[in-house]
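Worksheet: the structure to be examined is printed underneath.
Since this is a predicted model, take the numbers as computed values, not measurements. Lettering of chains follows the sequences in order, A, B, ..., and the numbering in each one begins at 1.
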2 protein chains.
Amino acid sequence: MARTSSRQLSTADERREVVLRTAIGAFATRGYYGTTTSEVAKAAGISQAYVYRLFPDKESLFVAVIEHCSTRMREAFADAAAKAEGTAPAAVLDALGEAYARLIVDRDLLLVLLQATCAATEPAIGDAIRACYAREVEYVRAVTGADDEAIQRFFARGFLCNTVLALGADTIDAPWASTLRTGLRHY
Amino acid sequence: MARTSSRQLSTADERREVVLRTAIGAFATRGYYGTTTSEVAKAAGISQAYVYRLFPDKESLFVAVIEHCSTRMREAFADAAAKAEGTAPAAVLDALGEAYARLIVDRDLLLVLLQATCAATEPAIGDAIRACYAREVEYVRAVTGADDEAIQRFFARGFLCNTVLALGADTIDAPWASTLRTGLRHY
DNA sequence: CATAGAAGTAATTAATCACTCACACCTGCG
DNA sequence: CGCAGGTGTGAGTGATTAATTACTTCTATG
């Protein structure tokens, strides 16, 4: 039978999806070490024990979250790149920047990647976030054809955005904050 | 009597200094939540209990570490700015960039600021790191006379450096890593 | 020398953590 | 219906944590 809405239980795969999505918010605000599995469970509306049915351990869950965010980011880039295909490197980069600006509406998605960077000394997490940025950089290179310098500028701008978000500088009315925000698109 | 080297005990102020300096390394690698007061104590060569004689709690210690790093950074900028005083904004900014490149030799100093950014949802830590960047940005503005865009570029480059360091991308031999490193000075 | 007070710690506390296990409930299928 | 297997949890486990307490050792000074 096709999945009916009269079902009370979800399949494990559906639950995993829910946990993954809700865990983003938790990890984004308090990072890997600062987030407890109970908080994740509560956010997902399940018991803490069941988190361990869906993921072998906290580290695996965090790595899965990283990969989820990384994938969503690349999908957003792919959308933008498809529309700007064949134009000059600078134009494609600009389209990707636009995609990034729209992505930023969901602050948590980018903050998770920042948090992952901060927890990169944990081997499995370091591997995951490095792989994420490796894919990201090579994807941008492939789709834009831009040179090293332009790609670097693109990512530097991204990291700036992340920092502004993490500091809450996007909602602070002070010269230093608006200087860091200069020219950043937001929706 | 002037402080003799035959003393076995340090003064509390001396100890506080030592703890502050050694705690930088601990907090830099595992962040605020991930670092235990025992690790800090061990690194400083004192008992865990004595950490609480020198600082009221873990949060105050971390805030003190942030301020210590922030101060050292501004001192480095002040040195560089003094030498480049009176030259064009771009030249002063370049001198500050050079100072930053030399500062980066001590990875931990910058990583602490990155970790503080990630823990900025903790109110006291957020206040400290925001104040740090507020001072930093306004200092750079005052000493260079550069416009918003140039200052923003300067900090974006700094955040890029921090991320490269945190990822270990400075020692990775892969295209994505060297693309992110493009043109970055290092010593 | 005696002693006040500072330097320093071992031992402990209460809370919280990641993780486990035994068990209950639900659901599709023969 | 019966029952196999998937969904889900309550009630723990031992380890670790930030923070405290009660105590010892050192040292400057009168």
Whole Å only: how far is the [atom1] atom of [X] from the [atom2] atom of [N]?
X     : N      : atom1 : atom2 : result
A:E14 : D:dG6  : CD    : P     : 16 Å
B:D57 : C:dA14 : CG    : P     : 20 Å
A:Y52 : C:dC21 : OH    : C1'   : 15 Å
B:R53 : C:dG5  : CZ    : C1'   : 11 Å
B:Y33 : C:dC17 : OH    : P     : 12 Å
B:L61 : D:dA18 : CG    : P     : 11 Å
B:E39 : D:dA19 : CD    : C1'   : 17 Å
A:I46 : D:dT9  : CD1   : P     : 7 Å

On DNA chain C, compare the nucleotides closest to B:A49 and A:Y32; which residue's is nearer the 5' end? B:A49

Taking only N and O in the side chain of B:S47, is any of them less than 4.0 Å away from OP1 or OP2 of C:dG8? no

Residues A:D106, A:R72: salt bridge by 4.0 Å N-O rule: yes

Smallest separation among heavy atoms of B:A150 and B:L93, with atom names: CB-CD1, 3.8 Å

Do the two ring centres, one from B:F159 and one from B:Y133, sit under 6.0 Å apart? yes

Establish, yes or no, whether the cationic atom of A:R15 lies under 6.0 Å from the six-membered ring centre of A:Y50 and within 45° of the ring axis. no

[X] side chain, from C-beta outward: closest of [options]:
X     : options               : answer
B:T36 : D:dG12, D:dA18, C:dG8 : D:dA18
A:T37 : D:dA19, C:dA18, D:dT7 : C:dA18
B:Q48 : C:dA18, D:dT7, D:dA18 : D:dA18
A:Y50 : D:dT7, C:dA11, C:dC19 : D:dT7

Taking the six-membered ring for Trp, are B:Y100 and B:F154 parallel (under 30°), tilted (30 to 60°) or perpendicular (over 60°)? perpendicular

